[in-house]
Amino acid sequence: MNGTDVELIEMCLGGNDEAFSEIITRYKKLVFNVIYNLSVNKSDVSDISQEVFLKVYRSLKSYNPQYKFATWLIKITTNVSIDWLRQKKNNHLSVDDITETSDDESNPEDQFIDKEELKQLRKAISELPEMYRVPVVLFHQQHMSYREIEKVINEPQTIVKNRLYRGRHMLKEKLQSYKEEVQAI
Amino acid sequence: MKCKECNIMMMKYFDQTLTKDDEKLMNSHIESCPHCHSEFDVLEKAFATLEMLPQIDADDNFELDVMKKITLMKELKTETTENFKKAFFGAISFISLLLFSSLILFLSDASILELISRGVKSLYGLVEMARHVQFIYDVISVFYSQSILVIIDTMVSVLILIGLGISFVIIRKLLNNNLIIEKVKE
């Protein structure tokens with residue numbers, strides 16, 4: 001099905017559910033990966049993604065076409081993920097998820113990633129408080145701009161910048177301490 | 001340059017807001033300061049790795065699963081709306097009957113309290129309660145005017161109305177939101 005996101009949303013609001021299925025196809029990978037990188041266990045990602053799309057469907061009427069659909073979608077995704085993590089009260093990844101790396105060895109990018117560094121990074125991100133984790137993941141992994149993050153977390157740009165600054169600082173501290181631990185061994 | 005200044009520049013560098021001139025200054029400090037050098041390396045590697053984190057794929061049937069739940073959600077919503085309409089019209093009929101009865105009672109100079117006492121008297125075990133209600137009625141009718149009884153009737157009717165209204169709001173919220181969400185989650 002062709003058409004812009006806004007056209008598809010209008011079709012959905014007119015009762016065309018196929019248009020919503022197309023929206024899911026377009027954005028499911030983004031939603032899955034944002035959830036996964038916000039340090040949710042892999043086994044829960046699909047369930048949370050379903051909850052996200054159901055919430056999107058129920059809230060379509062409140063979508064303002066002035067903003068990018070992806071920004072609005074990520075806002076819902078981060079809110080649902082954070083609620084999920086809070087309900088579970090266990091924000092840390094399971095050992096399996098921390099040690100998990102891509103199985104696809106044919107991907108040349110993966111071969112450049114040091115598996116140990118990847119493990120440390122996922123652990124460090126999972127240990128960041130949510131308020132810092134969300135902007136760090138959105139800026140550095142999803143390449144979102146300040147303006148977009150501002151809309152996602154509903155805070156002014158100064159707070160976005162401040163949280164990114166502090167988030168990076170905390171990440172650096174954690175990674176340096178892991179590095180020192182490894183060197184000590 | 002002090003390490004603190006370099007640290008601020010580093011953050012600006014990762015924000016992609018650092019000017020070329022400041023970048024040169026930062027680089028020259030990093031080359032001469034092992035501490036800042038190490039910090040810069042850690043962050044640069046971290047963000048490069050973050051960008052290349054393995055991506056996960058969504059399930060092939062994901063769209064189908066979500067659409068099934070949406071269909072179920074719609075069906076439940078229609079069913080709930082129908083049930084609510086039935087309950088609403090039922091309640092309206094009941095309230096109309098109540099108001100009509102109050103009017104009849106008012107016109108015939110009778111009272112709800114008197115009727116309740118007569119009704120419950122016939123039930124085994126409730127005689128004592130009926131006696132109390134009858135007593136209240138007798139006291140009111142002996143010592144106060146009939147208009148007090150009309151006020152009590154009206155107050156009882158209003159209290160019932162408020163109770164019903166609150167119950168409807170709660171039931172509607174529960175049926176429309178939680179029940180649907182929970183059922184869809186299942």
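Naming convention: chains lettered A, B, ... in sequence-line order (proteins, then strands); numbering from 1 in each chain.
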Q: So does Ile56(B) get a backbone contact from the side chain of Asn33(A), meaning a donor-acceptor N/O pair under 3.5 Å?
A: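 A pair under 3.5 Å: yes.
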Q: With rounding to the nearest 0.5 angstrom, report the OH to CG distance, Tyr146(A) to Asp15(B).
A: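 Reported value, rounded in 0.5 Å steps: 2.5 Å.
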Q: Which value, rounded to the nearest 0.5 Å, describes the distance between Asn61(B) atom CG and Ser46(A) atom OG?
A: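 The CG atom of Asn61(B) sits 10.0 Å away from the OG atom of Ser46(A).
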Q: For Met11(B), does its backbone N or O pair with a side-chain atom of Arg168(A) as donor and acceptor, under 3.5 Å?
A: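 Checking the backbone N and O of Met11(B) against the side chain of Arg168(A), a donor-acceptor pair under 3.5 Å is found.
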Q: Do Ile82(A) and Leu30(A) sit in one hydrophobic cluster, given that two such residues count as connected whenever their side-chain heavy atoms are within less than 4.5 Å of each other, even indirectly?
A: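 Both belong to a single hydrophobic cluster.
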Q: Does a sphere of radius 6.0 Å around CZ in Arg166(A) hold more than 12 heavy atoms from other residues, nucleotides or ligands, not counting ones at 6.0 Å or beyond?
A: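 It does not: Arg166(A) CZ has 12 such atoms or fewer within range.
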Q: Checking Ile125(A) against chain B: side chain, backbone, both or neither under 4.5 Å from a heavy atom?
A: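 Just the side chain, heavy atoms under 4.5 Å.
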Q: Is the shortest heavy-atom distance from the side chain of Phe47(B) to the side chain of Leu171(A) under 4.5 Å?
A: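 In contact.
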Q: Can Leu64(B) be reached from Val56(A) by stepping across I, L, V, M, F, W or Y side chains whose heavy atoms are under 4.5 Å apart?
A: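 No; tracing contacts between hydrophobic side chains, which count when under 4.5 Å, never links both residues.
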Q: Counting only heavy atoms closer than 4.5 Å, note whether Ser38(B) contacts chain A via side chain, backbone, both or neither.
A: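 Backbone plus side chain of Ser38(B), per the 4.5 Å heavy-atom cut-off to chain A.
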Q: Less than 4.5 Å apart, any side-chain heavy atom of Lys28(A) and any of Val66(B)?
A: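 In short, these two side chains do not touch, never coming nearer than 4.5 Å.
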Q: Could you tell me which non-hydrogen atom of Ala46(B) sits nearest to which non-hydrogen atom of Leu175(A), and how far apart they are?
A: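 That closest heavy-atom pairing would be CB-CD1, 3.5 Å.
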Q: Report, as yes or no, whether the 6.0 Å neighbourhood of atom CD on Glu18(A) holds more than 12 heavy atoms from other residues, nucleotides or ligands.
A: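 Open.
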Q: Within the structure provided, determine whether Lys172(A) and Asn7(B) are in side-chain contact (heavy-atom separation under 4.5 Å).
A: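 Yes - at least one pair of side-chain heavy atoms lies under 4.5 Å apart.
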Q: Look at the side-chain heavy atoms of Ile, Leu, Val, Met, Phe, Trp and Tyr, link any pair under 4.5 Å apart, and say whether Met11(A) and Tyr27(A) land in one connected group.
A: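 Result: yes, single cluster for both.
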Q: Given a strict heavy-atom distance threshold of 4.5 Å, which part of Lys45(B) is in contact with chain A: side chain, backbone, both, or neither?
A: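 For Lys45(B), side-chain heavy atoms alone lie under 4.5 Å from chain A.
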Q: Side chain, backbone, both or neither: which part of Val136(A) has a heavy atom under 4.5 Å from chain B?
A: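 Backbone plus side chain of Val136(A), per the 4.5 Å heavy-atom cut-off to chain B.
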Q: Would Leu73(A) and Tyr67(A) show up in the same hydrophobic cluster when neighbours are defined by side-chain heavy atoms closer than 4.5 Å?
A: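 As far as the 4.5 Å side-chain criterion goes, Tyr67(A) and Leu73(A) are not connected within one cluster.
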Q: Highest number of heavy-atom pairs under 4.5 Å with chain B: which of Lys29(A), Glu173(A), Gln176(A)?
A: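 Max contact count across the listed options: Gln176(A).
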Q: Got a second to check how far Phe62(B)'s CZ is from Phe32(A)'s CZ, nearest 0.5 Å?
A: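 Answer rounded to 0.5 Å: 4.5 Å.
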Q: Tell me, for Tyr57(A) versus chain B, whether the close heavy atoms (under 4.5 Å) come from the side chain, the backbone, both or neither.
A: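 Tyr57(A) touches chain B through side-chain heavy atoms alone.
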Q: Of all the heavy-atom pairs spanning Met67(B) and Ile24(A), show the shortest one and how long it is.
A: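 Closest pair (atom of Met67(B), atom of Ile24(A), distance): SD-CD1, 3.9 Å.
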Q: Distance only, no hydrogens: is a donor on one side chain within 3.5 Å (strictly under) of an acceptor on the other, for Ser21(A) and Glu63(B)?
A: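 No, no side-chain donor-acceptor contact under 3.5 Å.
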Q: Hydrophobic clusters here meaning ILVMFWY residues chained together by side-chain heavy-atom distances under 4.5 Å, can you tell me if Leu13(A) and Met73(B) are in one?
A: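 Yes; Met73(B) is reachable from Leu13(A) via cluster members.
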Q: Considering only heavy atoms, which portion of Asp47(A) lies under 4.5 Å from any heavy atom of chain B: side chain, backbone, both, or neither?
A: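 For Asp47(A), neither part sits under 4.5 Å from chain B.
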